Enquirer: 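Handing you this structure, nothing more for now.
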There are 4 protein chains.
Amino acid sequence: MKTKKERILEAAATLFAEHGFDKTAVATICELANVSKGLVYHHFKSKDEILIEIFEKSTSEMNSLGEDENTETPEMTIVDLIENIFFRLENNRQFFQMNLNIMFQPSTKKILERQIKKRATQLFDSVKALFNKTSPKKSGILSYVFISEIDGIALSYLSSFENYKND
Amino acid sequence: MKTKKERILEAAATLFAEHGFDKTAVATICELANVSKGLVYHHFKSKDEILIEIFEKSTSEMNSLGEDENTETPEMTIVDLIENIFFRLENNRQFFQMNLNIMFQPSTKKILERQIKKRATQLFDSVKALFNKTSPKKSGILSYVFISEIDGIALSYLSSFENYKND
Amino acid sequence: MKTKKERILEAAATLFAEHGFDKTAVATICELANVSKGLVYHHFKSKDEILIEIFEKSTSEMNSLGEDENTETPEMTIVDLIENIFFRLENNRQFFQMNLNIMFQPSTKKILERQIKKRATQLFDSVKALFNKTSPKKSGILSYVFISEIDGIALSYLSSFENYKND
Amino acid sequence: MKTKKERILEAAATLFAEHGFDKTAVATICELANVSKGLVYHHFKSKDEILIEIFEKSTSEMNSLGEDENTETPEMTIVDLIENIFFRLENNRQFFQMNLNIMFQPSTKKILERQIKKRATQLFDSVKALFNKTSPKKSGILSYVFISEIDGIALSYLSSFENYKND
DNA sequence: CATGAATGAGGGTTCATTCAT
DNA sequence: TATGAATGAACCCTCATTCAT
C-alpha cells in the first residue's frame, strides 16, 4: 500500500498537470489524496517543495531512460532511445504535458530554476556520450540538434493533440 | 500619445510575459499603466478579457505577416515567410515567449480556447494556400509538417535561450 | 463621523491592549471596527503596519505633551509635566498598558525597533531641553534619572493595579 | 547528566525569553531540546504547563534569595538583599527580561494569573518580615515602596540596556 | 472617462495536540 | 519513556470585482 506521502505526490502531479500549479489549491490536493492539510505541511515545507520533488522524481526517471538500452552498437542505442521516447510520449502524455506546462510558465520556471538546469545538463551529457561513439568531433552540435528535434516533435505532438481533442 | 486603454494593454502584456497571467495582479497592471482599477474595468469586462484582447491583437499581427510578402513565386514567398518569422523570433522574443506561456498553461488555455483554435485554423489555411501553389496534392500534410517544424525551432530557440542565459 | 481607517486603528488599539498583539486576530479587528478584511489590507500593508501606525500616533501625542505647558519658569514646566503624566496615567491606563505590553514583548519589540528608538531619543531630548534651563551641566544625567523614575512609577502603578484588580 | 525533562524546560525558557511565549512553537522547543513532540506532551499537559512550571521554578529560586542572607542585623539583611538583587540583575538579565515579558503580556499573564499573585504575596510578605524588624508600624507601606523602587530600577536597567545595545 | 474605497471568497501556512507504535 | 505521523482549526494575506462619487 502506498504511503500517504506518495499519495500526496501523486495527487499533486495529477492536478498540476490538469489545472496547472497556480490553479491547484493545496486543499484540492488534500481532498484527492485523502489527507489533512496539516500532513501535507508535515511532509513538505511548502507547496513549492511538492513541485520540486515531483520534478526531481521525473528527472531521475528520465535518466534511467538510457541506461538499459540495447548496447550492441551506438547507432542501435540511439534508435532504441528514440523509440523509447516515442513510446513514453504516447503512453505518458500527462507527464510530458506537465513538464511543458512547468517549464514555460514563469512562476514555476522560477521555482524550478536549479532543477531545470540540472536536468538539461544531464540530458545533454548523456546524449552527447552516445554521439561520442559515432561522431566524436561533432557530438556537441549533434546532441544539441537531436534534443531540439525531439523537443520540437514532442511539442507538435502534444499541441496538435491538445488543439484537436475537442473536435 | 497612447490612449489609456492602449497603455493598459501594453502593461498587461509585459507583465503577463514576465510573471505569467495568474501571477499578475490587476493592481499591478494599474500601477504600471498608471491608471485606476476602475478604469481597467471600464474598458474590460474582466481580467480574462484583457488576455483575450492581447491574444487577438497578436493574432491579427501574425496574419498580416504573409500579406505583404514577395509574391513573385510561391517558393520565394515561403522563403520570405521563414525569414520573416526568424526575424521576429529574434526581435520579439518576449512576444513568442508569452504565446508559449499562454498556450501551455491549462488555466489560460481554457480562457483562450476559442481564440487559439481560430488562430490555428487561420495559420493552417494561409500556409496551406501557399503550398497549394507548389504542391496542391500534398499541401495539407506539408502545411502541418511546416508549422510543426517552425514550432519546434521556435521552442528550441526560446528554451535554449532561457536555459543558458544566466551562465 | 470617523473614517473607516480611524475605526480600524481604534479597534486594533483596543484589542492589542486587551489581548496583546499576537493574540489579536485581524478578523477580530474587522468585527470590532465593522469593516471587511479586505479594507484592512487596503489601508495597511500588514498587521505589523497597523501596530506601527498606532505606535507612531501615540508618539506624536506624547510629543505634544510638553508643548503647551506653563512656561513661566522651567521648574514650573517640569512640575506641570509631571502632573500631566500622572493625570494621563490615571485616565489613560489602557494606553500606557499597551505601550508596556508592546515594548516588553520580543515579537512586537522587533517590529517597532526603529519607532521605539526614535521615541526614546525624542523623549530624552525634550526632557533634556527642560533640564538645560535649570542645571545645564547635569542635564544629561538628570534627564536619564528623571525618565527612569517616571517609568518605574508608571510600572509599579500599572502592575499594582493589575495585580490587585480582581481581589 | 540532565534529564530530558530538564532539557525541555531549559530550551523552553531560552526560547520564551528570546522570542516570547506566543512566538515559540512547541516544535522549536523539541528541536532545541532534541526530543520528540510526544515526549513533551508526556511530561507536560500543554504548552501552558511548561510556562507555568518555568515560572514556578523561578519563584522558588527567588524565595531562596533572602534565606541565607547575613542575619546579624535586619538593616544588613536588607542591604545584602539589595546587593543580591543587583548582582542577579546583572548576571541574569535574560531571566528578568523573561519575567517582565511574561507579566506584561496579556496572554501569558492570564495563564500565570495564580502564580503571579502567589509570587507577589510571598515577595511582599518576606520583605515585610524584614521591615517589621526595623519599623514595624510602617512595614506595609515600606515594603510596597521598596518593591516598587526595585521594580522601577530593574525596568530602567533592562530597558536602557535594550534600547541602546545596538548603538 | 476616471478614481479608489470597499467587499468577500479563497489561498498558503502554522501549530498545539493526539495517538498508534 | 519515546517517536513522529496525522489532524483541524485558525491565522495572515491576496485579489478580482463592484460601486458611489
Side-chain angles (χ1 to χ4, degrees), chain A residues 3-5 7-8 21-30 33-51, chain B residues 3-5 7-8 12 21-31 33-51, chain C residues 3-5 7-8 21-30 33-51, chain D residues 3-5 7-8 12 21-31 33-51:
Chain A
T3 67
K4 295 206 175 182
K5 190 180 174 184
R7 262 163 44 203
I8 293 169
F21 177 76
D22 288 324
K23 285 285 179 193
T24 300
V26 174
T28 314
I29 300 174
C30 294
N34 224 291
V35 297
S36 69
K37 251 187 202 181
L39 190 62
V40 169
Y41 284 89
H42 178 70
H43 287 300
F44 304 92
K45 250 189 356 229
S46 67
K47 193 185 167 191
D48 287 11
E49 293 277 324
I50 303 177
L51 181 66
Chain B
T3 68
K4 292 205 176 181
K5 190 178 175 186
R7 263 170 33 209
I8 294 169
F21 177 76
D22 289 323
K23 287 283 179 194
T24 300
V26 174
T28 313
I29 299 174
C30 293
E31 267 173 52
N34 228 296
V35 298
S36 70
K37 265 185 203 176
L39 191 62
V40 169
Y41 281 87
H42 174 77
H43 286 299
F44 304 91
K45 232 172 41 208
S46 68
K47 191 185 167 190
D48 287 11
E49 291 282 323
I50 302 177
L51 181 65
Chain C
T3 68
K4 294 205 177 183
K5 189 177 175 187
R7 259 161 49 201
I8 293 169
F21 177 76
D22 289 323
K23 286 286 176 193
T24 300
V26 174
T28 314
I29 299 174
C30 294
N34 226 291
V35 298
S36 69
K37 250 188 207 180
L39 190 62
V40 170
Y41 285 90
H42 177 72
H43 287 300
F44 304 92
K45 252 190 356 233
S46 66
K47 192 185 166 190
D48 286 13
E49 292 279 324
I50 303 177
L51 181 65
Chain D
T3 67
K4 291 204 175 182
K5 189 178 175 185
R7 263 170 33 209
I8 293 169
F21 177 76
D22 288 324
K23 286 284 178 193
T24 300
V26 174
T28 313
I29 299 174
C30 293
E31 266 173 53
N34 227 297
V35 298
S36 69
K37 264 184 203 177
L39 191 63
V40 168
Y41 281 88
H42 174 77
H43 286 300
F44 304 92
K45 234 170 40 207
S46 69
K47 191 185 166 189
D48 286 11
E49 291 282 323
I50 303 177
L51 181 65

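All chains are named by letter (A, B, ...) in the order of the sequence lines, taking the proteins before the strands, and each is independently numbered beginning at 1. What you see is a predicted model, and the numbers here were worked out from it, not measured in a lab.
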Enquirer: Is there side-chain contact between A:F21 and B:D22, with at least one heavy-atom pair below 4.5 Å?
Expert: no
Enquirer: Any side-chain N or O of C:Y41 below 4.0 angstrom from OP1/OP2 of F:dT14?
Expert: no
Enquirer: Measure CD/B:E31 against P/E:dA2 and give the value in whole Å, please.
Expert: 18 Å
Enquirer: A:F44 CZ to F:dG4 C1': how many Å, rounded?
Expert: 16 Å
Enquirer: Over how many whole Å does the gap from C:L51 atom CG to F:dC12 atom C1' extend?
Expert: 15 Å
Enquirer: Of A:A27 and D:D48, whose nearest nucleotide on DNA chain E comes first from the 5' end?
Expert: A:A27
Enquirer: On DNA chain E, compare the nucleotides closest to D:S46 and C:K5; which residue's is nearer the 5' end?
Expert: C:K5
Enquirer: Under 3.5 Å, side chain of D:K47 to main-chain N/O of D:T24, donor-acceptor pair present?
Expert: yes
Enquirer: Quantified in whole Å, what is the C1' atom distance between nucleotide E:dC1 and nucleotide F:dT21?
Expert: 13 Å
Enquirer: Within this structure, what is the CD1-NZ distance for the pair B:I50 and B:K5, rounded to the nearest 0.5 Å?
Expert: 10.0 Å
Enquirer: So, for D:V35 and D:I8, which heavy atoms are closest and what is the spacing to 0.1 Å?
Expert: CG2-CG1, 3.8 Å
Enquirer: Are A:H43 and F:dA6 close enough that a side-chain N or O sits under 4.0 Å from OP1 or OP2?
Expert: yes
Enquirer: Under 4.0 Å: is that the gap between some side-chain N or O of A:K37 and OP1 or OP2 of F:dG8?
Expert: no
Enquirer: Which ranges of DNA chain E pair up as stems, where a stem means three or more consecutive Watson-Crick or G-U pairs with both distances under 3.5 Å?
Expert: E:2-21 with F:2-21
Enquirer: Both D:V35 and A:L39 contact DNA chain F. Which one's nearest nucleotide lies toward the 5' end?
Expert: D:V35
Enquirer: How close do A:R7 and A:N34 get, heavy atom to heavy atom, and via which atoms?
Expert: NH2-O, 3.3 Å
Enquirer: Hey, which sits more toward the 5' end of DNA chain F by its nearest nucleotide, A:S36 or B:D22?
Expert: A:S36
Enquirer: Got C:V40 and C:K37 here, is their nearest side-chain heavy-atom distance under 4.5 Å?
Expert: no
Enquirer: For D:T24, report the nucleic acid contact type (base, sugar-phosphate, nothing); a contact means any heavy atom under 4.0 Å.
Expert: sugar-phosphate
Enquirer: Examine F:dA5: is either OP1 or OP2 under 4.0 Å from a nitrogen or oxygen in the side chain of A:H42? Give yes or no.
Expert: yes
Enquirer: According to a strict under-4.0 Å criterion, is B:K4 in side-chain N/O contact with OP1 or OP2 of E:dA2?
Expert: yes
Enquirer: Send over the distance from C:K47 NZ to F:dA10 P, rounded to a whole Å.
Expert: 15 Å
Enquirer: Taking NZ from D:K45 and C1' from E:dT18, how many angstroms apart are they, rounded to a whole number?
Expert: 15 Å
